Amino acid sequence: MHPARLWKTLGKSDGTTPVNVQCRLCSHFCNIAPDTTGKCGVRKNVDGKLYTLVFDKVAAANLDPIEKKPLYHFLPGTTSFSFGTVGCNLTCSFCQNYTLSTTPRLTGQILGQHTKPERLVELALESGAQSISYTYSEPTIFFELVEATAKLAIKHGLKNILVSNGFQSPECLAELKDLIHACNIDLKGATESFYSDICGAHIRPVLRNLKIIREMDWWLEVTTLVIPDENDDEKELSTIARFINDELGSDTPWHISRFHPAYKMQNRIPTPIETLRKAAAIGKEAGLNYVYLGNIPGREGRDTLCPKCGAIVIERKGYSAARGDYSKCPTCDTPIPGVWSIHDSR
Ligand code: SF4
């Protein structure tokens, strides 16, 4: 166990009885009784103090193409050393990574290998990655590990990437502000009922956080997993696309990702490709300049096209892209937004 950050005691202790604590890491703001954990299952009240159970418990680590995060306008063609712990603060019925996300909550088990931040940075440097990605489950719930690793990573010239559901508390985002360089944030649906009934969360904090992040100096891309009969109607997709365009900017890349049956939605069909094409058309109609399709075979929807002349700016095969400076269209010189070099200030 490792002392947690961002929490406060609730009420006054009489000196003998431990008090409840409130975790302030994510927008659940759990009230945690002694000897219990919050909703994520990895933050525990022990004698009136909050501890993280996953500070050095890395459950998955890989060297991934950065395109797999997905980030398409941030150091394309590079690799990102990626890791995560078990646990998640959301309970999405469609979770595509449920073995990692649900274990602490459902079994109380904290699986993972003891791995210190110093070792994670060493592994990233040895691998030749230009960045570290905090991903796979939900990095908010392993905040202390993110913070310690990200600080060291910056000292060694690495960039830090957050792949998140965007349900942090404002305090958590403020603490991460100077440590993160790029992020991919899910916008899973457009309605409160989708977030509360299917994800065990609320939509307003996510929309608020996306706007906060837009004001910060992080490179931002957004992902929506389109699920048949859940969030695939035109009105819902259009609401999502318009929010991204109107509130985050038309240059914000939107990744439309294909659902595959998983966790509590094993009995569903994968998203028809035609539905994804329809979503892409809705995104473009809303004004978005960079709309991508993900989780589908072949090359469709992967290339970065110049929004002015339609020329291919970045060609992608699977998750690979050639390294390069893509700051402008090779055909018409239209500027293409993104971070194209490790030396860019972002
Ligand atoms: S991170 Fe979120 S879900 Fe976990 S204990 Fe804190 S407030 Fe609760």
Side-chain angles (χ1 to χ4, degrees), residues 1-11 18-59 83-93 95 97-112 134-150 162-177 179-180 183 185-186 188 192 195-210 212-213 263:
M1 282 194 306
H2 183 89
R5 292 196 54 220
L6 302 182
W7 60 278
K8 67 176 189 181
T9 52
L10 294 172
V19 292
N20 284 21
V21 302
Q22 183 188 50
C23 176
R24 300 195 56 81
L25 199 49
C26 88
S27 289
H28 284 310
F29 298 110
C30 295
N31 178 337
I32 308 174
D35 286 328
T36 66
T37 58
K39 285 179 197 286
C40 55
V42 301
R43 299 174 76 74
K44 186 170 185 181
N45 178 348
V46 179
D47 295 334
K49 294 194 172 100
L50 192 64
Y51 291 86
T52 165
L53 306 180
V54 290
F55 177 70
D56 60 351
K57 281 287 189 84
V58 173
F83 73 86
T85 71
V86 292
C88 186
N89 52 350
L90 269 57
T91 53
C92 304
S93 305
C95 183
N97 241 344
Y98 64 97
T99 47
L100 271 188
S101 65
T102 60
T103 317
R105 201 172 49 240
L106 299 182
T107 70
Q109 279 186 298
I110 306 293
L111 306 172
Y134 309 94
T135 179
Y136 297 141
S137 51
E138 171 50 48
T140 305
I141 60 94
F142 58 92
F143 166 83
E144 292 79 5
L145 180 56
V146 173
E147 184 186 43
T149 309
L162 207 65
V163 182
S164 170
N165 58 34
F167 198 64
Q168 296 86 355
S169 65
E171 296 102 297
C172 176
L173 278 183
E175 293 288 326
L176 291 171
K177 182 173 184 286
L179 299 178
I180 300 298
C183 63
I185 305 290
D186 287 340
K188 294 171 187 280
E192 173 58 19
Y195 267 86
S196 57
D197 298 349
I198 298 179
C199 306
H202 303 287
I203 190 169
R204 284 177 68 175
V206 178
L207 299 178
R208 174 202 66 206
N209 286 351
L210 282 163
I212 293 174
I213 289 170
Y263 192 35

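Below, all heavy atoms of this structure are taken into account, side chains as well, without hydrogens, waters or symmetry copies. Keep in mind that this is a model prediction, so the values were computed, not measured. In listed order, ligands and their atoms are each counted from 1.
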Inset, instruction - Count the heavy atoms of every other residue, nucleotide or ligand shown that sit under 6.0 Å from NZ of K57, and state whether that count exceeds 12. - result: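 Yes, enclosed.
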Inset, instruction - State whether the side chain of S169 and the backbone N or O of L25 hold a donor-acceptor pair below 3.5 Å, judged by distance alone. - result: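 Between the backbone of L25 and the side chain of S169 there is a qualifying donor-acceptor contact (under 3.5 Å).
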Legend entry - Main-chain N/O of R204 paired with Y195 side-chain donor or acceptor, under 3.5 Å: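 Not at all, since once roles are kept as given, no pair shorter than 3.5 Å links the two residues.
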Nearest protein heavy atom with distance in Å, relative to [atom]:
atom: atom 8 (Fe) of ligand 1; answer: C30 SG, 2.3 Å
atom: atom 3 (S) of ligand 1; answer: C40 N, 3.5 Å
atom: atom 2 (Fe) of ligand 1; answer: C26 SG, 2.3 Å
atom: atom 6 (Fe) of ligand 1; answer: C23 SG, 2.3 Å
atom: atom 1 (S) of ligand 1; answer: R43 CD, 3.6 Å

Would you mind running through ligand 1 and noting each atom that sits below 4.0 Å from a heavy atom of [X]?
X: N89; value: 3 (S)
X: G38; value: 5 (S)
X: K39; value: 3 (S), 8 (Fe)

Legend entry - Between S27 and R208, a side-chain donor and acceptor under 3.5 Å: yes
Inset, instruction - Taking atom types as modelled, find out whether E138 and N165 have a side-chain donor-acceptor pair closer than 3.5 angstrom. - result: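 There is such a pair between these side chains.
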Inset, instruction - State whether R24 and E175 are salt-bridged, where the test is any N-O pair (Lys NZ or Arg NE/NH1/NH2 against Asp/Glu carboxylate O) under 4.0 Å. - result: no
